[in-house]
A.B. asks: 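Below is one structure. I have some questions about it.
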Amino acid sequence: MNNSILDSRRPSSEPESRVSAARRHVKPLNLTRWIGATLVIFWLLVAIFGPMLAPHPVGALVADDMYSGASAAFPLGTDYLGRDMLSRILHGARYTVGLALIAAVLSSLIGASLGMLAALAPRWLDESVSRLNDALISIPSKMLALVMVSAFGASIPLLIVTAVISYAPGAFRISRSLAANIATLEYVQVARTRGEGKLYIAAVEVLPNMFHPVLTDMGMRFVFIVLLLSGMSFLGLGVQPPMADLGSLVRENIGGLSQGALAVIGPALAIGTLTIGANLLIDSLSANRGQQGE
Amino acid sequence: MNNSIFKIVLGRLSSGVSTLLIVSLVIFAITSLLPGDAAQQILGQFATPEQVAALRIQLGLDQPAPLRYLSWLGGLLSGDLGQSVSNAMPVSELMAGRLPNSLLLAGITTVIAVPIALLLGIASAMCRDRFLDRILNVCTLSMVAVPEFLVATLAVLIFAVHLGWLPALSYVSTVEGIGDFIRIYAMPVLTLCAVLVAQMARMTRAAIINQLDSPYIEMARLKGIGPLRRVLNHALPNALGPIANAVALSLSYLLGGVIIVETIFNYPGIAGLMVDAVANRDLALVQACAMLFCTAYLVLVLIADLCAILSNPRLRHQ
């Protein structure tokens with residue numbers, strides 16, 4: 001609650017240095033934002049259109065030698081069975097991006113709506129939901145995923161459920177505190193005295209004002225979920241063959257690592273560029289919004 | 001004064017214990033919701049119903065779930081973690097054999113990562129918004145989003161394949177002298193450090209910058225105190241609590257990181273044991289490992305919490 005007061009006080013204490021800091025910020029922020037946005041859009045396009053552009057069928061054994069390097073026929077080399085890596089990455093990206101996107105949207109949706117309701121709900125309900133939430137947050141996501149897979153086996157619905165259970169609590173915590181802060185503001189109190197119902201207040205007064213931070217938070221969750229799911233696939237406990245996401249591709253071809261095969265580095269770099277891009281984009285967006293807000 | 005600190009510490013400890021209890025309940029619930037049960041799992045598809053029933057009684061699976069939970073919890077507390085089905089050994093024995101390796105790996109990583117991270121964080125905060133800070137910011141921001149296996153594969157590619165300095169795989173059994181030790185630990189530690197340092201440096205920078213924004217630093221600057229002394233003598237002592245908080249929170253990353261690193265380098269640690277247990281659906285072993293990791297995580301978060309509270313008198317009176 002005190003944050004808003006502190007924030008509004010800070011700029012006035014050193015106006016000159018802030019202006020120059022803002023001016024100096026513009027260029028590099030834009031640069032990282034463009035790099036981030038380019039990478040993210042590139043991978044989104046790959047996830048949507050990649051499988052159509054793949055030069056070879058995803059499971060076809062098209063080459064005679066395994067772990068071959070880049071060539072005209074196979075731009076990203078071949079894998080441990082002599083399959084075309086480019087085609088496999090184009091297909092795998094759809095699983096990686098798609099699953100993570102579904103899971104991120106679901107966790108933000110569930111977390112944010114529960115968080116908002118908890119902030120407006122009676123105190124006892126708020127406290128008991130928050131308590132359970134604290135317990136769920138204190139289970140590391142990989143640990144939860146390992147326990148879930150050991151109990152139910154690895155399948156795509158289970159992976160999505162696991163990611164949602166892991167990352168919805170964080171979204172819940174953030175949106176609950178956002179909503180609780182907003183709920184104390186005057187215009188919400190005005191609505192309350194007007195006699196508006198809780199649902200109206202949640203949907204019309206609170207939600208629009210927490211939309212941006214929740215969206216930024218969803219981006220962060222997307223990055224974490226990509227890392228979680230590809231990590232699980234890398235351990236052989238995520239997406240199961242014959243389906244393969246980028247993490248599975250790293251695992252499949254790990255035997256070629258000692259030869260420095262392109263087949264290992266390609267998918268690993270693919271995940272890295274996706275997550276780095278998303279992280280740079282989100283950071284520059286939220287930094288920019290913070291400046292405008294102040 | 002001291003009394004109230006004692007009370008707060010006690011309060012945090014008890015809430016930590018209650019969280020741990022809920023966590024154990026969640027883990028137990030997930031692992032016993034299994035449609036078939038452990039007995040079926042052990043005996044396989046071709047077991048007769050009589051065999052399954054007999055084993056269920058032997059394993060205590062015929063008892064109601066709350067009773068099983070209590071006896072499992074009692075076992076955890078008394079050190080009896082049950083029998084590992086896939087290894088035909090007591091779980092506690094298996095874990096005791098692997099735990100020192102993991103602790104050693106985590107210990108070395110911590111000892112190397114913390115000073116580097118603090119140095120980077122302080123340097124970054126001192127050069128705030130200047131070139132070095134920008135570069136470090138983009139580097140650490142990218143590093144925290146990188147999957148461990150990318151760092152690991154690049155490290156193997158550079159140091160093992162191209163330069164030939166290091167072996168691609170870790171074997172702890174062949175340690176002879178300091179040279180071997182470095183050759184074995186270099187890459188796993190490097191991989192873990194990469195993400196850990198980035199995370200810690202970012203949080204350290206934030207903690208110090210938070211102090212640098214406060215009026216007493218402005219005062220020190222107006223008195224004509226140089227930037228280095230301002231940071232080291234004025235800001236740093238006040239930022240120690242938040243920094244300790246950041247270090248403890250970042251270290252909890254290690255719990256997830258070792259899972260990938262131990263697998264990729266064939267390192268015989270406890271995380272590798274757990275991954276095998278998951279693949280074999282060895283539930284007793286999975287439960288015990290998960291509880292160990294969750295406890296370690298909670299302890300680190302608790303330490304982080306206490307560091308923040310004890311260093312900031314204002315938080316003591318909440």
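First the proteins, then the strands, lettered A, B, ... as listed; each starts at 1.
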A.B. asks: Checking heavy atoms, do the side chain of B/Leu298, its backbone, both or neither come under 4.5 Å from chain A?
C.D. replies: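 Side chain only.
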A.B. asks: Let me know if B/Met143 has heavy atoms under 4.5 Å from chain A in its side chain, its backbone, both or neither.
C.D. replies: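 Contact with chain A involves no heavy atom of B/Met143 at all.
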A.B. asks: Do A/Ile139 and B/Phe293 have side chains that get closer than 4.5 Å, going by heavy atoms?
C.D. replies: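 The answer is no; the side chains never approach within 4.5 Å.
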A.B. asks: I want to check something: taking the side chain as every heavy atom from C-beta on, are A/Leu146 and B/Val286 in contact at a cut-off of under 4.5 Å?
C.D. replies: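 No. Closest side-chain heavy atoms not under 4.5 Å.
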A.B. asks: Which of these, A/Val250, A/Leu235, A/Ile254, sits in a side-chain contact (heavy atoms from CB on, under 4.5 Å) with B/Ile264?
C.D. replies: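 Output: one option passes, namely A/Ile254.
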A.B. asks: Name the region of A/Leu280, side chain, backbone, both or neither, that has any atom closer than 4.5 Å to a heavy atom of chain B.
C.D. replies: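 It is both, since atoms from each part get that close.
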A.B. asks: Once you round to the nearest 0.5 Å, how far does CG of B/Asn137 lie from OG1 of A/Thr32?
C.D. replies: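 It comes to 8.0 Å.
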A.B. asks: With a 4.5 angstrom heavy-atom cut-off, is it the side chain or the backbone of A/Val223 that approaches chain B, or both, or neither?
C.D. replies: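 Only the side chain of A/Val223 comes within 4.5 Å of chain B.
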A.B. asks: Applying a criterion of heavy atom separation less than 4.5 Å, what residues of residues 145-155 of chain B form contacts with chain A?
C.D. replies: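 Residues B/Ala145, B/Val146, B/Pro147, B/Glu148, B/Phe149, B/Leu150, B/Thr153, B/Leu154 are the ones that qualify, each having a heavy atom under 4.5 Å from chain A.
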A.B. asks: Tell me, for A/Leu274 versus chain B, whether the close heavy atoms (under 4.5 Å) come from the side chain, the backbone, both or neither.
C.D. replies: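 Answer is neither: A/Leu274 stays 4.5 Å or more from chain B.
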A.B. asks: Answer yes or no: is there a side-chain heavy-atom contact under 4.5 Å between B/Ile259 and A/Met143?
C.D. replies: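 A side-chain contact exists here, since the closest heavy-atom pair is under 4.5 Å.
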A.B. asks: Using a 4.5 Å cut-off on heavy atoms from C-beta on, say whether the side chain of A/Arg131 contacts that of B/Thr19.
C.D. replies: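 Yes, their side chains come closer than 4.5 Å.
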A.B. asks: For the atom pair OG (B/Ser142) and CG (A/Asn279), what is the distance rounded to the nearest 0.5 Å?
C.D. replies: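 Answer rounded to 0.5 Å: 7.5 Å.
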A.B. asks: Picking from B/Asp282, B/Val26, B/Leu141, which has the most non-hydrogen pairs under 4.5 angstrom with chain A?
C.D. replies: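 Option with the greatest count: B/Leu141.
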A.B. asks: Chain B: which of A/Ser141, A/Gly247, A/Gly153 shares the most heavy-atom pairs with it under 4.5 Å?
C.D. replies: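 Heavy-atom pairs under 4.5 Å are most numerous for A/Gly153.
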A.B. asks: So what's closer than 4.5 Å to chain A heavy atoms on B/Ser18: side chain, backbone, both or neither?
C.D. replies: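 Interface part for B/Ser18: both.
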A.B. asks: Would you mind reporting whether B/Cys294 and A/Ser138 have side-chain heavy atoms less than 4.5 Å apart?
C.D. replies: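 Counting from C-beta outward, A/Ser138 and B/Cys294 never come under 4.5 Å.
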A.B. asks: Kindly indicate whether the side chain of B/Ile30, heavy atoms from C-beta on, has any atom under 4.5 Å from the side chain of A/Leu144.
C.D. replies: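 A side-chain contact under 4.5 Å exists here.
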A.B. asks: How about B/Leu255 and A/Lys142: do any of their side-chain heavy atoms sit closer than 4.5 Å?
C.D. replies: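 Side chain of B/Leu255 against side chain of A/Lys142, heavy atoms only: no contact under 4.5 Å found.
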A.B. asks: If you count heavy-atom pairs under 4.5 Å between each of A/Gly231, A/Ser230, A/Ala268, A/Gly36 and chain B, which one has the most?
C.D. replies: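 Among A/Gly231, A/Ser230, A/Ala268, A/Gly36, the one with the most close pairs to chain B is A/Ala268.
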